[in-house]
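In what follows, residues are counted from 1 in the order of the sequence shown. Keep in mind that what you see is a predicted model, and the values were worked out from it rather than measured.
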Amino acid sequence: MGPTKIDRAKVADTALRLLNEVGLEGLTLRAIAKELDVKAPALYWHFKDKQALLDEMATEMLRRMNADLTERPAADWREALAGAMRGLRAHLLRYRDGAKVYSGTHFTDMSYAAPMEAHLRGLTDAGFTPAGAARAWLTAYSYTIGYVIEEQAMGPDPAQGGPGYDLAARAERLTDHPLAAEAGFELFAHHDEGFETGLAAVVAGVGAVLGPPA
């Protein structure tokens, strides 16, 4: 039996599958090589280091996200922006530590260009300046990435399950700070509702500060 043949796509796909088992900290090139039944140095033919692999993983996540886009964006820019962020969150939650993998990486191809152009075009058609559209998109995008990073850190993470953050224990530690104690039940639970509330605030703020004149 000959040696296992690998390429960039196979390595990235294996890494994304392994990510749900071991998380970002446990995702090493050695672990991926073992999963592929190859020696670790074989991976360096395709990726110079772990960051290069993370870049490809994020790009593959984006490709899969784009492949799932079957509906046209809503005509109203507010709903289109909110819908795009809901879709981003849903895809990041498919992977353990998905938001950490996705954030701060450099895409390895132009997969991002056409969707980004379409979203920015929707904003500029609604009356945003090009600069305002870019800032509006980045603001909503940053909120979504940050929210999911915190959501996955506190749990329960849909990709791996688990009990999540013990809010009762947290509140007990904060008995001398009742507002901070109560805030935990708002901040670290009911993630879907919390995301929608924050997203509505972000979209409203974007419209007020960056949007077209009323």
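Residue pairs meeting the ring-ring contact (aromatic ring centres under 6.0 Å, His included) criterion with at least one partner in residues 103-135, sequence neighbours excluded, are Trp77-Phe128, Tyr102-Phe107, Phe107-Tyr112, His119-Trp137. Residue pairs that meet the side chain to side chain donor-acceptor pair (under 3.5 Å) test with at least one member in residues 51-61, sequence neighbours left out, are Arg8-Glu56, Gln51-Asp55, Glu56-Arg63, Glu56-Thr108, Thr59-Thr108, Glu60-Arg63, Glu60-Arg64. Residue pairs meeting the salt bridge (Lys or Arg N to Asp or Glu O under 4.0 Å) criterion with at least one member in residues 78-87, sequence neighbours excluded, are Asp76-Arg78, Glu79-Arg86, Arg86-Glu196.
Legend: residues meeting side-chain contact (heavy atoms from CB on, under 4.5 Å) with Val209, ordered by chain and number and at least two apart, are absent. The side-chain contact (heavy atoms from CB on, under 4.5 Å) check on Arg135 picks up Leu138, Thr139, Leu210, with sequence neighbours excluded. Residues that satisfy the side chain to side chain donor-acceptor pair (under 3.5 Å) test with Thr105, not counting sequence neighbours, are absent from this structure. Residues passing the side chain to side chain donor-acceptor pair (under 3.5 Å) test with Glu172, sequence neighbours excluded: none. Legend: residues meeting side-chain contact (heavy atoms from CB on, under 4.5 Å) with Asp192, ordered by chain and number and at least two apart, are Arg89. Under the ring-ring contact (aromatic ring centres under 6.0 Å, His included) criterion, His91 pairs with no residue, sequence neighbours left out. For Ala180, the side-chain contact (heavy atoms from CB on, under 4.5 Å) test picks out Leu174, His177, with sequence neighbours left out. With sequence neighbours left out, Tyr141 forms a ring-ring contact (aromatic ring centres under 6.0 Å, His included) with no residue at all.
Annotation for Glu25: atom CD does not count as buried by contact number, only 12 or fewer foreign heavy atoms lying within 6.0 Å. Heavy atoms of other residues, nucleotides or ligands lying less than 6.0 angstrom from CZ of Phe185 number more than 12.
Between Tyr147 and His191, the ring planes are perpendicular. Angles over 60° get that label, and only those under 30° would be called parallel.
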Next item on the list: Given salt bridge (Lys or Arg N to Asp or Glu O under 4.0 Å), test Arg170 with Asp166 step by step and report yes or no.
Entry: CA-CA 6 Å; Arg170 176 186 182 277; Asp166 189 339; over 6 Å; no
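How far CD1 of Ile32 is from OG1 of Thr14: 8.0 Å, rounded to the nearest 0.5 Å.
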